[in-house]
Structure formats: C-alpha cells, structure tokens
Amino acid sequence: MFDNYFRKEIAWGGKTLVLESGKIARQADGAVMARLGDTIVLCTAVGARSAKPGQDFFPLTVHYQEKTFAAGKIPGGFFKREGRPSESETLISRLIDRPIRPLFPEGFRNEVQVIATVLSHDMENDPDIVSMVGCSAALTLSGIPFFGPVGAARVGYINGAYVLNPTLEERKQSALDLVLAGTAEGVLMVESEASELTEEVMLGAVTFGHAGFQPVIQAIIELAEVAAKEPWPLPEPSAEEVALKKRIAELGRADMAVAYTETQKLLRQEKVGAVKKAVIAALEAEGADVNLAKGLLKELEADVVRNNILDTGKRIDGRDTRTVRPIMAEVGVLPRAHGSALFTRGETQALCVATLGTGQDEQVIDALVGEYREDFMLHYNFPPYSVNETGRMGSPGRREVGHGKLAWRAIHPLLPEKEKFPYTVRVVSEITESNGSSSMATVCGTSLSMMDAGVPLKRPCAGIAMGLIKEDRGFAVLSDILGDEDHLGDMDFKVAGTEVGITSLQMDIKITSITPEIMKIAVEQAREGRLHILGEMAKGLTGARTDVAATAPRITVINVPKDKIRDVIGSGGKVIREITEQTGTKVDIDDDGTIKVAATSTEAAQRAIDWIKGIVAEPELGVIYNGKVVKTADFGAFVNFLGAKDGLVHISELANDRVNKTTDVVKEGDAVKVKVIGFDERGKVKLSMRVVDQATGADITEQVGAKRPRPEGDDRRGGDRGDRGERRERREPRGD
C-alpha cells in the first residue's frame with residue numbers, strides 16, 4: 001500500500017536515529033517521521049505554488065506542537081484539549097525557524113509552512129533536536145527551494161568532557177546546555193545556557209556539536225536521493241527587476257549615503273524615509289512597478305550601509321567597530337518596588353523591576369515531562385512606543401517570549417541556592433527605548449534590579465550583541481550593534497556573562513555559514529565589551545544589597561518533624577489558615593518538614609513562628625507555660641498552651657486554698673500560667689496553676705508544698721472521674 005515508503009536509520013551519539021517518509025501525511029509536500037529512542041515527531045512542510053501579488057517578504061511560519069497523549073497524559077483545564085502554544089512550544093518553534101530561514105533562496109516569496117508534532121516522548125530524549133532534524137529532512141524531500149539540509153544537536157559539558165545529546169537526566173549534571181544547528185559548511189544557529197564557562201570551552205562546544213551532527217546531514221542526503229520530490233524552479237530576477245534595480249541606484253544611492261551620515265536614529269529615519277519617498281515618486285512617474293521597487297530599495301539601503309562600514313571602518317552612528325555606546329546605570333528608581341534599575345545604552349533603554357515573593361507565587365508548569373514549579377520568572381515587554389511606532393498591544397508575541405528567555409538563561413546560572421535565598425523572584429523588563437539589542441539591555445537591567453532587591457547573585461551579569469558585515473572582499477565584526485546594523489547585517493551574536501565567564505550565548509547567521517576565525521574574533525571582542533559594560537554597571541551598584549527592601553516580605557525558615565506536618569496544616573487546612581489570617585503572614589510547607597514564614601514585619605513573622613513551634617512542641621514535665629482558658633467545667637478548667645495543646649487544670653490545682661467553683665478562680669479567655677505536673681494513661685496533660693506565681697510566672701512548688709490532701713468529707717474525686725468528665729465534655733470515645 002505504501003509504495004513510496006523509505007526509511008533511513010543511523011547510530012548517533014549512542015542512540016538510534018530513524019527517519020521515515022511515505023507512510024504518514026503523504027499529501028504534504030514533505031513529511032518525515034523522526035525518531036530518537038522512543039521520542040517521535042511528525043514533521044511536515046508545505047509550500048504555496050505561487051507568491052501573493054505585491055508581496056515583498058518571505059512568509060515562512062514554523063509551528064511546533066506537543067500532544068499530551070505523547071506522554072500518556074490528558075490535558076488539564078476545563079476544555080481538555082490542547083490550546084494556544086505554551087512558552088516552551090513557542091521557543092522551540094523559533095529554534096526550528098532560525099537555522100532554516102536563511103537557506104531559502106533570495107527572491108523566493110511563496111508562503112511555506114512547517115509543522116512539527118510531538119507524537120511520543122520517552123522522557124529521555126528532548127523532542128526539540130528531533131524536531132529540528134525532522135523539519136530539515138521534510139524540507140529537503142519536499143522539492144521546495146531549500147539550500148539544506150540542516151543538522152542539529154545538543155551539547156552538554158559534564159566533568160570537563162563534552163557530551164552529544166545528553167538525556168534529560170544527564171542535563172541536570174551538565175555545566176552547559178547548548179543547542180546548535182547548521183549545514184555541512186558551518187554553524188547557523190546557537191542557543192545556550194552555561195555556568196560561567198570560558199570562551200575557549202564555549203567555542204569548543206560549538207566545534208564539537210558541528211562535527212556531531214554531520215552524520216545526520218549525510219543521512220538526510222541519502223534519504224533524499226531515493227525519496228525527494230522534483231525540485232521547484234529557483235526564482236530568477238526578471239529583466240525588469242534588473243533594470244529597476246539599476247535605476248533605483250541612479251536615483252537614490254548618493255542621497256541614501258548622505259542620509260546615513262545622520263547619527264541620531266529618529267532624524268536618520270526621517271532622512272532615509274524622505275529619500276525613499278522621492279525615489280518612489282520618480283519611479284511612479286516613470287510607470288515602474290512600485291511594489292517591486294520598495295523591496296529593491298531595501299537592498300540599496302543595505303548595500304550603502306554595509307559597504308560604508310567596510311570602506312571606512314566607521315558605523316552609522318560614527319563609532320568604530322569595537323566601541324560600546326555610552327552607558328548609564330541607575331538603581332532604586334521606583335520607591336515601592338522591591339528592586340528596580342534603569343539601564344540605558346545609547347538609544348536602547350530597559351526599565352527592569354524585581355519583585356520578591358514566596359513559594360505560593362511560583363509558576364506551576366504542566367509540561368510533557370511532568371508538572372514542575374519555577375521560582376524565577378523574567379518577562380520582557382516591547383511596547384511600540386519604544387521605537388516611535390503605533391502598534392498592537394496584548395499578549396506577548398514570539399519575539400518577546402524569545403528575548404525574555406534569552407535573558408533568563410543569562411541570569412539563571414547565577415541564582416543563589418534555594419536554601420540560602422528562599423524567595424520566588426519575578427523580573428519584568430519594560431523596553432522604553434530601542435535601537436539595538438534590547439535583550440542584552442534586559443540582562444544588564446535584570447542583574448542590577450535583582451541586586452537592588454537584595455538577591456545575592458554570584459556575580460553581576462552583562463550582555464552585548466555583536467554583528468557582522470561579510471562580503472567577498474572582507475568582513476567586519478561590530479560590537480554593540482544598532483537596530484539597522486542588525487537588520488542589514490549578516491549575524492546577530494549575543495553573549496552574556498560575568499567577569500569569570502559566559503552564561504549564555506545566542507547566534508543567528510543570515511548567510512550560509514561563518515568561519516571559525518570569525519566566531520573566535522566575535523567571542524573575544526564580545527568579552528572585551530562585556531567587561532567594559534560590567535565596569536559601567538558597577539557605577540550604579542557593585543553587588544547585592546545586604547537586606548531585602550522594607551516593602552518585601554521577610555522569609556524565615558524553620559524545620560519541623562515530618563510527622564508534625566499534618567498538625568500544622570490541620571483538618572482541611574484549618575490550622576494553617578487560622579495562623580495566616582490572624583498573623584497576616586504567608587506560610588509554605590514542604591514535604592520534608594521545611595516551613596517558610598513570610599511577613600512584612602518581624603513581629604508578625606515571630607507570632608506565626610511561635611504558633612507553629614507551639615503546635616509541634618511536646619509538653620515537658622515540670623515546665624511552666626503561658627496558657628489561655630478555653631473551657632470551664634465543674635471539675636476544673638481546660639487550658640490551651642503551646643499554640644495548639646490543651647491540658648486540664650483540675651479544680652484541686654487551681655489554687656492552694658479550697659475552691660468551690662472553677663469560675664471562682666478562672667473564666668474562659670483568661671490568660672494564665674500553668675505547670676505540667678503529669679500525664680494520664682492516655683497521654684492527656686495534667687496542669688497546675690497553684691504551684692505557679694501568676695504575677696511573675698515563678699515556680700512556687702516548694703513554698704506551697706506537694707499536692708495538697710483533700711479535706712475529710714470532700715466528695716469530689718479527681719483522676720478517673722475528671723478524665724470521664726473530660727471525655728463527656730469533648731464527646732471523645734473511650735480508649736481513643
């Protein structure tokens with residue numbers, strides 16, 4: 001039935017990688033079932049047969065989606081079906097998109113949609129690498145113009161050795177989590193989180209990974225030799241396009257070059273816009289295709305900027321290739337925030353605000369690998385006013401999610417241990433101005449705001465974005481790139497870290513590949529820039545404050561025996577609710593008996609702690625406690641002490657003199673001092689007030705003597721009768 005079924009299997013990193021085509025999704029232009037271990041992803045690629053009229057960009061969309069049945073789960077929530085993409089799905093969609101996008105031919109404008117669907121997850125092999133490989137194979141088989149295939153791999157660094165495609169368990173011990181993709185010629189994309197590793201170790205990981213995915217590229221090529229469809233014809237520039245391109249250069253090159261001598265962004269945009277408007281008006285008068293001309297004007301703009309940098313070594317804003325723009329770092333800019341920082345670098349500015357919370361504020365994430373909690377969140381927002389535009393406001397887009405996660409990876413390795421700093425931390429980065437690398441400004445601002453909040457980071461962290469202009473006649477690596485240099489350049493290379501080493505590295509290449517020489521220069525130049533930025537940040541704050549802000553909760557950690565946890569919580573949570581409501585605190589209880597008490601005042605925290613300690617404490621014979629009368633009876637008074645313990649003061653122990661009625665001495669609600677004088681056969685506590693000085697709390701047993709004998713004729717019986725009375729009052733069954 002499946003006449004065109006093909007299968008390719010290779011050993012890869014100690015596991016078996018399988019690529020299958022021709023059995024599932026046969027109507028797609030390209031469809032591959034990729035399998036590593038028992039993780040299986042269906043990857044498809046479909047392209048429109050023609051471009052939409054007047055379209056001047058390449059409409060590529062990549063969708064990565066996880067089906068919960070892949071892990072034997074049913075979706076949570078009310079609707080019980082998969083909904084909008086999670087943050088993880090959005091990030092992996094970007095991960096697939098970034099290395100394949102540069103490999104479509106220039107001028108190709110047909111819409112292409114790539115979909116990766118996780119069908120099985122073995123809880124060992126992450127579906128992201130499998131998806132990247134599968135999507136590359138699907139595009140290669142589809143016939144759609146694609147200069148692939150692309151290979152991908154994950155690299156770990158465990159005990160000083162690189163590991164290819166570490167499992168989820170191995171990644172917990174790894175000092176590096178690096179994902180990269182590229183062609184046989186070079187690397188196109190890198191995404192990583194590292195524990196302050198050196199530049200040499202990071203470059204070694206990239207080289208190791210590039211060599212590691214070469215067998216995958218060869219396997220896709222061999223599968224394509226038997227299963228690929230006929231290739232679509234490559235787009236060729238028409239004679240009209242060639243002539244129009246030449247005419248645009250005649251009309252606008254000189255004026256465009258002059259416009260780009262303006263160093264101020266908004267003025268430069270106005271002048272460039274005026275040049276474009278004049279060129280379009282002239283072409284429209286000549287009867288040219290205006291839509292085609294707009295796209296060609298972008299090419300002229302890029303050509304002017306790129307060649308000027310290579311010819312003069314001077315950039316758009318007048319800097320040389322290595323200089324970082326002026327930096328201003330301020331902290332404590334918001335009086336009520338727990339921590340805040342305003343980081344300004346040239347015309348890029350980030351307002352970062354840190355908020356401290358408790359365990360109740362942790363984010364609960366329901367992932368395929370299971371539910372877990374995240375105690376560090378970083379949310380990046382890019383409002384349109386930051387670039388002098390109007391635009392959509394709403395939930396974050398893919399770019400905002402991706403930039404926030406990049407900054408999160410840079411800071412995450414520097415967080416203190418939970419035992420040392422038991423807070424949940426949320427940082428919000430509001431980009432208030434943008435002209436290049438707002439994600440790296442977020443790294444700097446986040447580091448400062450967290451230190452301002454009293455978060456004891458291991459060291460301050462800074463980030464810098466590097467660019468590349470590469471032509472046949474040479475190349476230039478640019479430090480601290482502008483927005484136009486990012487848009488018109490060949491590389492976006494972001495490096496974040498401390499004075500010790502790199503914590504995050506991200507690279508995207510817009511050309512087919514770069515050489516190891518260029519990458520080495522970029523990393524070394526980035527280190528120089530990063531150390532400079534750290535020096536400027538130190539002018540605002542050199543390290544974490546010794547205490548959290550007055551408006552932040554204080555968290556005190558205590559430990560109780562595991563078998564006492566249920567007593568602290570109470571039936572249906574009654575006790576813990578009462579503690580939090582009456583003391584105004586938040587209380588988190590872990591399964592190991594760790595209890596975190598959060599409060600904005602020391603007094604409130606101490607009240608809650610004393611209450612909890614009272615619940616878990618065991619009464620000690622001969623010890624005097626403060627108590628409260630909670631009930632009176634003919635035979636004595638019940639007194640609550642140690643927070644949640646009750647004991648009986650028999651009527652004979654209320655006072656040294658004879659007592660006719662319990663209420664003659666105490667009433668409900670009275671504060672008293674009691675001494676533990678014994679325990680009955682059921683463990684009930686026997687208390688005495690008569691041997692305690694109620695004014696001072698002193699033990700006066702020696703003064704009043706031992707237990708006073710009852711007078712002749714006293715028909716009141718203690719002991720067993722009191723116990724029976726206590727059971728009747730409390731309605732407790734005998735022998736409980």
With His487, which residues qualify under side-chain contact (heavy atoms from CB on, under 4.5 Å), at least two apart? none

Closer than 3.5 angstrom, by distance alone: can the side chain of [X] be matched with the main-chain N or O of [Y] as a donor-acceptor pair?
{"X": "Glu374", "Y": "Val364", "value": "no"}
{"X": "Glu170", "Y": "Thr167", "value": "yes"}
{"X": "Thr446", "Y": "Thr442", "value": "yes"}
{"X": "Glu400", "Y": "Gly397", "value": "yes"}

Checking Phe147 against Phe104 for the ring-ring contact (aromatic ring centres under 6.0 Å, His included) test, could you report, in this order, the C-alpha distance in whole Å, the side-chain angles of both residues, the deciding distance, and whether it holds? CA-CA 6 Å; Phe147 298 145; Phe104 289 89; 8.7 Å; no

Give a yes or no on this: more than 12 heavy atoms of other residues, nucleotides or ligands lie within 6.0 Å of atom [atom1] of [X].
{"X": "Asp591", "atom1": "CG", "result": "no"}
{"X": "Asn159", "atom1": "CG", "result": "no"}
{"X": "Arg319", "atom1": "CZ", "result": "yes"}
{"X": "Glu499", "atom1": "CD", "result": "no"}
{"X": "Arg84", "atom1": "CZ", "result": "no"}

Indicate every side-chain donor-acceptor pair of residues 401-409 with a distance under 3.5 Å to a residue at least two apart or in another chain.
unit_1, atom_1, unit_2, atom_2, d
His403, ND1, Arg399, O, 3.2
Trp408, NE1, Phe376, O, 2.9
Arg409, NH1, Glu191, OE2, 2.7

Donor-acceptor side-chain pairing of [X] and [Y] below 3.5 angstrom:
{"X": "Glu433", "Y": "Ser386", "result": "no"}
{"X": "Thr183", "Y": "Glu185", "result": "yes"}
{"X": "Thr90", "Y": "Glu87", "result": "no"}
{"X": "Glu196", "Y": "Thr503", "result": "no"}

Determine, for [X] against [Y], whether the closest basic-nitrogen to carboxylate-oxygen distance falls under 4.0 angstrom.
{"X": "Asp38", "Y": "Lys15", "result": "no"}
{"X": "Asp177", "Y": "Arg171", "result": "yes"}
{"X": "Glu371", "Y": "Lys73", "result": "no"}
{"X": "Asp590", "Y": "Lys596", "result": "yes"}
{"X": "Arg322", "Y": "Asp480", "result": "no"}

Drop me the distance from [X]'s [atom1] to [Y]'s [atom2], to the nearest 0.5 angstrom.
{"X": "Leu42", "Y": "Leu119", "atom1": "CG", "atom2": "CG", "answer": "5.5 Å"}
{"X": "Ile327", "Y": "Leu534", "atom1": "CD1", "atom2": "CG", "answer": "9.0 Å"}
{"X": "Thr39", "Y": "Leu368", "atom1": "OG1", "atom2": "CG", "answer": "9.5 Å"}
{"X": "Ile555", "Y": "Thr424", "atom1": "CD1", "atom2": "OG1", "answer": "7.0 Å"}
{"X": "Thr348", "Y": "Leu482", "atom1": "OG1", "atom2": "CG", "answer": "8.0 Å"}
{"X": "Leu139", "Y": "Cys43", "atom1": "CG", "atom2": "SG", "answer": "9.5 Å"}

So which heavy atom on [X] is nearest to which on [Y], and how close?
{"X": "Lys494", "Y": "Ser437", "answer": "CE-OG, 4.4 Å"}
{"X": "Ala184", "Y": "Ile217", "answer": "N-CD1, 3.5 Å"}
{"X": "Asp508", "Y": "Gln506", "answer": "OD2-OE1, 4.0 Å"}
{"X": "Gly483", "Y": "Asn435", "answer": "N-OD1, 3.1 Å"}
{"X": "Gly76", "Y": "Asp366", "answer": "N-OD2, 4.2 Å"}
{"X": "Met202", "Y": "Leu178", "answer": "CE-CD1, 4.2 Å"}

Using the test ring-ring contact (aromatic ring centres under 6.0 Å, His included), find all partners of His210 that sit at least two apart in sequence or belong to another chain. Phe213

Apply ring-ring contact (aromatic ring centres under 6.0 Å, His included) to Tyr157 and list each qualifying residue two or more places apart in sequence or on a separate chain. Tyr162

Gln363: partners by side-chain hydrogen bond (donor to acceptor under 3.5 Å, both in side chains), with sequence neighbours left out: none

Residue of the set Asn165, Asn125, Asp128 for which side chain to side chain donor-acceptor pair (under 3.5 Å) holds with Arg154: Asp128

What donor-acceptor contacts under 3.5 angstrom involve side-chain atoms of residues 412-421, with partners at least two apart or in another chain?
unit_1, atom_1, unit_2, atom_2, d
His412, ND1, Glu193, OE2, 2.8
Lys418, NZ, Asp375, OD2, 3.3
Lys418, NZ, Tyr423, O, 2.8

